[in-house]
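Reading through the structure tokens given below for one structure.
The figures here come from the full heavy-atom set of this structure, side chains too, leaving out hydrogens, waters and symmetry mates. Please read these numbers as outputs of a predicted model, since none were measured by experiment. Read the numbers this way: they start at 1 and go in the same order the structure lists the ligands and their atoms.
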Amino acid sequence: MKDTYRHKGLRIKLVETIRSKGIRDENVLETIGKIPRHLFMDSGFITFSYQDQAFPIGEGQTISQPYTVAFQTQLLEIKPHDRILEIGTGSGYQTAVLLELGASVFTIERQRKLFLKAQENLSMLGYKPQFFYGDGYQGKPTYGPFDKILVTAGADDIPVLLKAQLKVSGIMVIPVGGRISQKMIRIVRRGETDYERTEHGTFAFVPLLKGKED
Ligand code: SAH
């Protein structure tokens with residue numbers, strides 16, 4: 001599978017679509033324009049790769065909608081060299097976006113098949129996050145604290161262990177709610193025990209599940 005001029009042309013259109021939906025961060029838009037999303041999806045879905053939609057990636061999971069990826073990334077205000085903990089590697093597409101923005105990424109996936117597939121795919125494309133197979137609810141305390149924490153599955157509450165792994169002035173973005181829809185929550189750690197919480201609209205994610213799965 002290659003990245004052709006046709007794919008590049010479709011990406012330009014996709015960038016204009018998500019810009020028109022309100023994404024303003026030029027670095028994020030440029031990154032979406034750069035990454036070959038079709039290489040993160042099963043071949044059957046190639047023709048849909050540059051539509052602004054989520055799609056199945058196997059194991060009952062989905063690659064997030066490009067607008068949602070851009071929205072979460074914009075809220076995180078990524079700077080080069082940020083240490084980022086990502087929960088829910090999935091296809092690895094969001095991981096690639098964070099890496100393109102110059103961050104160091106520590107990414108956790110609980111489904112073994114997706115973990116192995118993302119690892120193979122990202123490595124093939126030259127992306128080098130640190131991969132972990134396990135339960136993201138626990139975070140990765142030995143690698144923290146982190147400048148940013150991104151959760152790409154819907155949580156029923158904000159995991160306390162994750163909050164504790166955020167640096168002071170660090171930012172966490174996490175969808176919180178029920179099975180059908182969640183509110184996008186942004187937490188800024190203002191001090192040792194001081195967390196500022198803001199809400200940024202309604203989204204629909206697959207659920208954040210406890211434990212890991214073979
Ligand atoms: N950003 C990914 C989104 C994948 S969907 C993408 O665009 O491809 C969310 C992912 O979170 C799924 O792959 C799911 O298996 C994973 N997940 C759910 N609960 C988890 C947990 N507790 N720890 C780690 N990963 C989890």
Side-chain angles (χ1 to χ4, degrees), residues 14 18 28 31-32 35-42 45-46 48-76 78 84-101 103 105-122 125 127 129-141 143-144 146 148-163 165 172-179 181-182 184 203-214:
L14 174 63
I18 62 174
V28 172
T31 302
I32 301 285
I35 300 178
R37 185 171 187 255
H38 62 286
L39 301 182
F40 292 83
M41 292 168 65
D42 292 336
F45 292 120
I46 290 285
F48 300 111
S49 317
Y50 294 105
Q51 293 181 12
D52 188 25
Q53 281 174 24
F55 277 103
I57 53 171
E59 314 310 307
Q61 306 304 320
T62 54
I63 179 171
S64 300
Q65 183 181 343
Y67 171 76
T68 304
V69 170
F71 190 81
Q72 287 197 295
T73 310
Q74 180 171 271
L75 283 178
L76 283 169
I78 309 294
I84 307 187
L85 177 66
E86 181 193 31
I87 315 298
T89 317
S91 67
Y93 176 73
Q94 169 80 71
T95 318
V97 169
L98 300 173
L99 289 164
E100 278 288 347
L101 290 166
V105 184
F106 301 79
T107 185
I108 313 178
E109 173 55 55
R110 70 179 288 281
Q111 296 250 3
R112 181 175 278 284
K113 277 192 191 148
L114 294 177
F115 162 75
L116 293 171
K117 198 166 161 186
Q119 208 169 5
E120 191 187 323
N121 203 32
L122 283 167
L125 292 167
Y127 292 111
Q130 296 225 32
F131 294 98
F132 300 95
Y133 166 54
D135 179 7
Y137 265 100
Q138 313 303 317
K140 273 286 151 204
Y143 292 84
F146 299 96
K148 311 283 159 70
I149 298 178
L150 172 59
V151 180
T152 71
D156 48 15
D157 210 344
I158 295 166
V160 270
L161 290 173
L162 293 186
K163 268 169 83 172
Q165 290 169 44
M172 169 154 67
V173 171
I174 176 169
V176 179
R179 285 275 159 143
S181 73
Q182 307 86 30
M184 191 65 79
F203 290 79
F205 284 81
V206 293
L208 186 69
L209 300 170
K210 294 220 161 83
K212 56 182 178 181
E213 211 169 271
D214 264 336

For [X], the ligand 1 atoms whose distance to one of its heavy atoms is below 4.0 Å:
X      : value
Gln94  : 1 (N)
Ile87  : 23 (N), 24 (C)
Gly90  : 4 (C), 8 (O), 13 (O)
Gly134 : 23 (N), 24 (C)
Tyr137 : 22 (N)
Thr62  : 3 (C), 4 (C), 5 (S), 8 (O)
Leu114 : 13 (O)
Val206 : 5 (S), 9 (C)

Options Gly139, Gly58, Ser91, ranked by nearest heavy atom to atom 8 (O) of ligand 1, top entry: Ser91
At what distance is the nearest protein heavy atom to [atom], and which residue and atom is it?
atom                    : result
atom 9 (C) of ligand 1  : Thr152 O, 3.4 Å
atom 15 (O) of ligand 1 : Glu109 OE2, 2.6 Å
atom 23 (N) of ligand 1 : Gly136 N, 2.8 Å
atom 22 (N) of ligand 1 : Leu209 O, 2.6 Å
atom 7 (O) of ligand 1  : Ser64 N, 3.0 Å
atom 11 (O) of ligand 1 : Gly88 CA, 3.2 Å
atom 25 (N) of ligand 1 : Arg110 N, 3.3 Å

Contacts of Tyr143 that satisfy side chain to side chain contact (heavy atoms under 4.5 Å, CB included) - sequence neighbours left out: Arg83, Phe106, Gln130, Phe132, Lys140, Phe146
Side-chain donor-acceptor distances from residues 203-214 under 3.5 Å, at least two apart:
| residue | atom | partner | partner atom | Å |
| --- | --- | --- | --- | --- |
| Glu213 | OE1 | Arg110 | NH2 | 3.4 |
| Glu213 | OE2 | Gln111 | NE2 | 3.4 |
| Asp214 | OD1 | Arg112 | NE | 3.4 |
| Asp214 | OD1 | Tyr133 | OH | 3.3 |

Heavy-atom side-chain proximity of [X] to [Y] below 4.5 angstrom:
X      : Y      : value
Gln72  : Pro175 : yes
Ile32  : Tyr50  : no
Asp42  : Lys117 : yes
Leu98  : Leu150 : yes
Phe131 : Leu122 : yes
Leu85  : Gln165 : yes
Phe71  : Val173 : no

Spatial distance of atom CD1 (Ile149) from atom CD1 (Ile174) [nearest 0.5 Å]: 9.0 Å
contact_flag Pro207 ligand 1 heavy-atom lt 4.0 Å: yes
Contact with ligand 1 for Thr89, non-hydrogen, under 4.0 angstrom: yes
Glu109-Thr89 side chain donor-acceptor pair, cut-off 3.5 Å: no
Gln94-Thr152 side chain donor-acceptor pair, cut-off 3.5 Å: no
Geometric N/O contact Gly211 with ligand 1, under 3.5 angstrom: no
Test of proximity, Lys210 against ligand 1: N or O pairs below 3.5 Å: no
Location of contacts on Gln61 toward ligand 1, heavy atoms closer than 4.0 Å: side chain
Evaluation steps, side chain to side chain contact (heavy atoms under 4.5 Å, CB included), between Leu116 and Gln119: CA-CA 5 Å; Leu116 293 171; Gln119 208 169 5; 4.2 Å; yes
